[in-house]
Chemist: 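Structure below; questions to follow.
Lettering of chains follows the sequences in order, A, B, ..., and the numbering in each one begins at 1.
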Amino acid sequence: MDKAYEPSGEEHIYKLWEDSGIFTPKIDPKKQPFSIILPLPNANDPMHIGHALFTIQDILIRYHRMLGESTLWLPGSDHAGIETQYVFEKKLAKEDKSRFDFDRDTLYKMIWDFVEENRELNVAQMRKLGFSMDWTRYHYSLEPKIIDNVLATFKKLYHDGLIYRAEKIVNYCTHCGTAFSNLEVDYVDEVTSLYYMKYGPFTLATTRPETKFGDTAVAVNPKDIRYQQYVGQDITVDGLLGPFKVRVIADDMVDMEFGTGVVKITPAHDPDDFEAGLRHHLLIKRVIGFDGRLNELTGKYAGLTVAQARIKVVEDMKASGMLVKIDDNYNHRIGRCYRCKHIIEPMVMPQWFVKIDALAKPALKAARDGQVKFFPLRFKKEFTDWMENIRDWNISRQIVWGPRIPAWYCLDCHPGIKLNFLTKDKKVVTGLYVDLKDKYSFDEIRSGLQSLSAPVGSIFYVDSPDSCPKCHSKNLLQETDTFDTWFLSGQWPLSTLGYNVADPTKSSPDFAYFYPTSVMDTLWDILFFWVARMMMFGLYLTKEVPFKTIHLHARVVDKNGQKMSKSKANVVDPLSMTAKYGTDALRFSLVYGIAPASDIVVSEDKIRAHRNFVNKIWNAARFIEMLIERQQEKSPLLAPVGSKGDLEGFKDLKGKGDLDPADLAILQKLNSLITSTTKNLNTFHFGQASEDLYQFFWHEFCDVYIESTKNRPAQNEGGVDALPVLVHILLTSLKLLHPFIPFVTETIYQNLKAQLGWTDPFLAAAPWPTVNEI
RNA sequence: GGCCGCUUAGCUCAGUUGGUAGAGCAUCCCGUUUACAUCGGGGAGGUCAGGGGUUCAAGUCCCUUAGCGGCCACCA
């Protein structure tokens, strides 16, 4: 054995494992199944330190494999809808192009190829980190069978009356060109201006003077005696585009203390005002387009961006004396796109929604009844609170990268459908079908299609008919909105295990055996995005929870407690750390001394410290190997007692009654270590488990016990041979450490296996230690 | 505004049901005797954020104050 542990052999070890098939479990009714579905990484996302935290899952998987369970860790990768399209569009921009230069089919194929270039990389990197995944069961989110399930789920929801289209106010990002769900908006505290303006008989305060062209009411609190005389009246307001009339309404939404207690109501561009509009049956007047610019209803302001318009409107109001004052130090929250950070523009547009109550209630019940357990427990409350207040889920996105919503419209029944397409000579045409149908053939429209927008109430068919069931026209187009990525990944445990939504009796045997899965481990930030959606879909489709335990971990931060990000230049790259210190050192430093769901501090210092620990183990093994060789020089055929590493060897020792007091002490400590490690792994206390193992191996076994045996009298002078105990403790420690640091432990095992007659071909599949009576 | 978490050695953090304060890094002294200097031996360093309470006993449970952080929420 070399003087220091050399991690360059890791690749070889991994290949031995994988080729042996120990990562590929068999369906064995006599065995307990244990399964984890990998939180699928984005296919085009290079590995970062967050992915290295899959180590937590590998520890669980390796532990349960050693317990003798039929253990499945199922890997996969995600096409990651908006994320990937965003990255791809940035690439296009560098080439001075945009997505509007392509029809949707062409764009889709381009992104497909882009993702395929990177997808393999991810897989290789996960092998490098030693993750014992079953690659024979790997899945990619755009496989046909997985998409089939997504479409079938949509149809089932539709037939159960849980899908509807509605024109609601949604979070629209004019930069990304799509609507988002509530979860995808980041609210950021910002200091802006609050403008006080004259408004008919009132003065009112607003942060958005540029939307006044879309005002269709003005509101006061019903209890506000100052304004009671006006309630129900139409008032005339002097606007920048001439006088206009609005109704004064009374609504509890108005805070009398805020500003002047008067609020202008713009139903088309503000979520609160939209709700007020519904309550008071107000007109929705759109003045901002999907391009983020003011539209033709705004006269001379038309064509300006929202930001430009605000400046111009304020200037003009100042000039005409409408502006009363500006409070420049107004602190409030602004919604920004979680992806591109641009300001979200609330917009009224037709979208697809899932009625969520029917899905949320069973999930809420499952959490409360303990069908699914949370670790740490505090997340149970977060989960149930969220489920209780959940709103209908907007599942449509105006992007191309992802499965399209399977709904078809008849253009001839609905000539008011708005179309965007590229003509044969690549010119963008926008307009209503009724105005375009005589100029362009249906085929030209279809093949160049970029997007369509059907009015709410349009009839749609979910089974892709050849012709319109009503008018028999063949001019049918599929909805161009795609599914929210989480609509697909929310069904991931089902789809990857071969559940067949359309016909559950055709589901794979894997599904029957491994579902519900054992543990779902992920970063807490996708508890709502993903975990909650999987719970809802799992229960909706199968009546069973998708996982029995939800284990949530925190994010990795640097040694100053800062979140790692490229812009802060504080990222610890897992692969370069692995190259420098070995995979085991990295893995151990990710769990050592970590409290459940508290930030995980990783620094190069820490990784180096654990490289030293790995090396310590290596050298202890090297020392023992030396002792064995020395003994075998004397009597070559004699394997040390206890070399089998289990109870067998020990019965002999016990029978002889010839243990040294130091032997007894260390064996007792080993027993309690077996007990505590087992308990800690069962209860997700990885930090504690790793600390105990470290402390025992280094400071008790190496520093105290091994040192003490060096001074022990030789056997012919009345001493007790320590070698059997040394070997026993080494092997047991290797087993206990293996889930955490698989490479060094397996390497040592393979080196000593033949010499010591260890019978398990791999440490990775050797039985987990149990307590020996002493 | 609601909810949750954190505050322990110079730094970063452990401390699972309450029972004489721990680790890594840094620091000081000594040490190369047959594993390991990626090492060994030894030392210094904490009124466990402040206050109150329960208890024979509290870093650990309860109340409270302060600071920091996170999540959620329709206040213009």
Chemist: So which nucleotide does C68(B) pair with, by the Watson-Crick or G-U wobble rule with both distances under 3.5 Å?
Modeler: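 Its partner is G5(B) (Watson-Crick or G-U wobble, both distances under 3.5 Å).
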Chemist: Considering only side-chain heavy atoms of Ala620(A), which listed nucleotide, U16(B), G24(B), A35(B), is closest?
Modeler: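 When the side chain of Ala620(A) is considered, A35(B) is the closest of U16(B), G24(B), A35(B).
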Chemist: Start with the C-alpha distance between Leu681(A) and Leu60(A), add both sets of side-chain angles, then the distance that settles side chain to side chain contact (heavy atoms under 4.5 Å, CB included), and finish with yes or no.
Modeler: CA-CA 7 Å; Leu681(A) 287 177; Leu60(A) 285 170; 5.7 Å; no
Chemist: Nearest to the Arg630(A) side chain among G40(B), U34(B), C71(B), which nucleotide is it?
Modeler: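 It is U34(B).
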Chemist: Between A35(B), U16(B), G24(B), which nucleotide gets closest to the side-chain atoms of His699(A)?
Modeler: G24(B)
Chemist: Of the listed nucleotides (C4(B), A23(B), C36(B)), which one gets closest to any side-chain atom of Glu707(A)?
Modeler: C36(B)
Chemist: Check whether more than 12 heavy atoms from other residues, nucleotides or ligands sit under 6.0 Å from atom NZ of Lys223(A), and answer yes or no.
Modeler: no
Chemist: With respect to the phosphate group of C72(B), does any side-chain polar atom (N or O) of Lys381(A) fall under 4.0 Å of OP1 or OP2?
Modeler: no
Chemist: Nearest to the side chain of Tyr592(A) - A23(B), C74(B), U38(B)?
Modeler: A23(B)
Chemist: Both distances below 3.5 Å, Watson-Crick or wobble geometry, any strand: find the nucleotide opposite A23(B).
Modeler: U12(B)
Chemist: Send over the distance from Ile390(A) CD1 to C72(B) P, rounded to a whole Å.
Modeler: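 So the two atoms are 13 Å apart, to the nearest Å.
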Chemist: C74(B), OP1 or OP2 - any side-chain N/O from Arg333(A) closer than 4.0 Å?
Modeler: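 So the side chain of Arg333(A) is outside the cut-off, no N or O lying under 4.0 Å from OP1 or OP2 of C74(B).
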Chemist: In terms of side-chain heavy atoms, does Glu746(A) have a donor or acceptor partner in Gln750(A) at a distance below 3.5 Å?
Modeler: yes
Chemist: From the set A14(B), C71(B), C25(B), return the single nucleotide nearest to any side-chain atom of Asp605(A).
Modeler: C25(B)
Chemist: On RNA chain B, compare the nucleotides closest to Thr206(A) and Gly593(A); which residue's is nearer the 5' end?
Modeler: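 The 5'-side residue here is Gly593(A).
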Chemist: Look at the side chain of Asp385(A) and decide which nucleotide, out of C3(B), C39(B), C36(B), has an atom nearest to it.
Modeler: C3(B)
Chemist: Honestly, is Lys168(A) close enough over Phe274(A), meaning NZ or CZ under 6.0 Å from the six-membered ring centre and within 45° of the axis?
Modeler: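 Relative to the ring axis of Phe274(A), which defines the angle, Lys168(A) lies outside at least one limit.
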Chemist: Does Lys3(A) put a side-chain nitrogen or oxygen below 4.0 Å from OP1 or OP2 of A37(B)?
Modeler: yes
Chemist: Does Ser598(A) make a side-chain N or O approach to OP1 or OP2 of A14(B) shorter than 4.0 Å?
Modeler: yes
Chemist: Could you please name the partner base of A57(B), counting Watson-Crick and G-U wobble pairs only when both distances are under 3.5 Å?
Modeler: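 A57(B) is paired with nothing.
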Chemist: Is the distance from OP1 or OP2 of C39(B) to the nearest side-chain N or O of Asn612(A) less than 4.0 Å?
Modeler: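 Affirmative; the distance criterion is met.
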Chemist: Can you tell me which nucleotide in A23(B), A14(B), C13(B) comes closest to the side chain of Val601(A)?
Modeler: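 Side chain of Val601(A) sits closest to C13(B).
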Chemist: What's the NZ-C1' distance between Lys679(A) and G15(B), to the nearest Å?
Modeler: 14 Å
Chemist: Need the pair for G46(B). Rule: Watson-Crick or G-U wobble, both distances under 3.5 Å, any strand; none if unpaired.
Modeler: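 Across any shown strand, G46(B) pairs with none.
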Chemist: With a 4.0 Å limit, can you tell me whether Lys616(A) has a side-chain N or O closer than that to the phosphate oxygens OP1/OP2 of G40(B)?
Modeler: yes
Chemist: Taking the inter-plane angle between the rings of Phe696(A) and Phe701(A) on a 0 to 90° scale, is it parallel (under 30°), tilted (30 to 60°) or perpendicular (over 60°)?
Modeler: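 If you compare the ring of Phe696(A) with that of Phe701(A), the planes turn out parallel.
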Chemist: Does Val254(A) offer a backbone N or O that forms a donor-acceptor pair with the side chain of Asn221(A) under 3.5 Å?
Modeler: yes
Chemist: Considering every strand and a 4.0 Å limit on heavy-atom distances, what is the contact class for His332(A): base, sugar-phosphate, or nothing?
Modeler: sugar-phosphate
Chemist: Is the shortest side-chain N/O distance from Trp524(A) to OP1 or OP2 of C4(B) below 4.0 Å?
Modeler: no
Chemist: Between Val262(A) and Ile706(A), which has a closest nucleotide on RNA chain B that is more 5'?
Modeler: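 The residue closer to the strand's 5' end, by nearest nucleotide, is Ile706(A).
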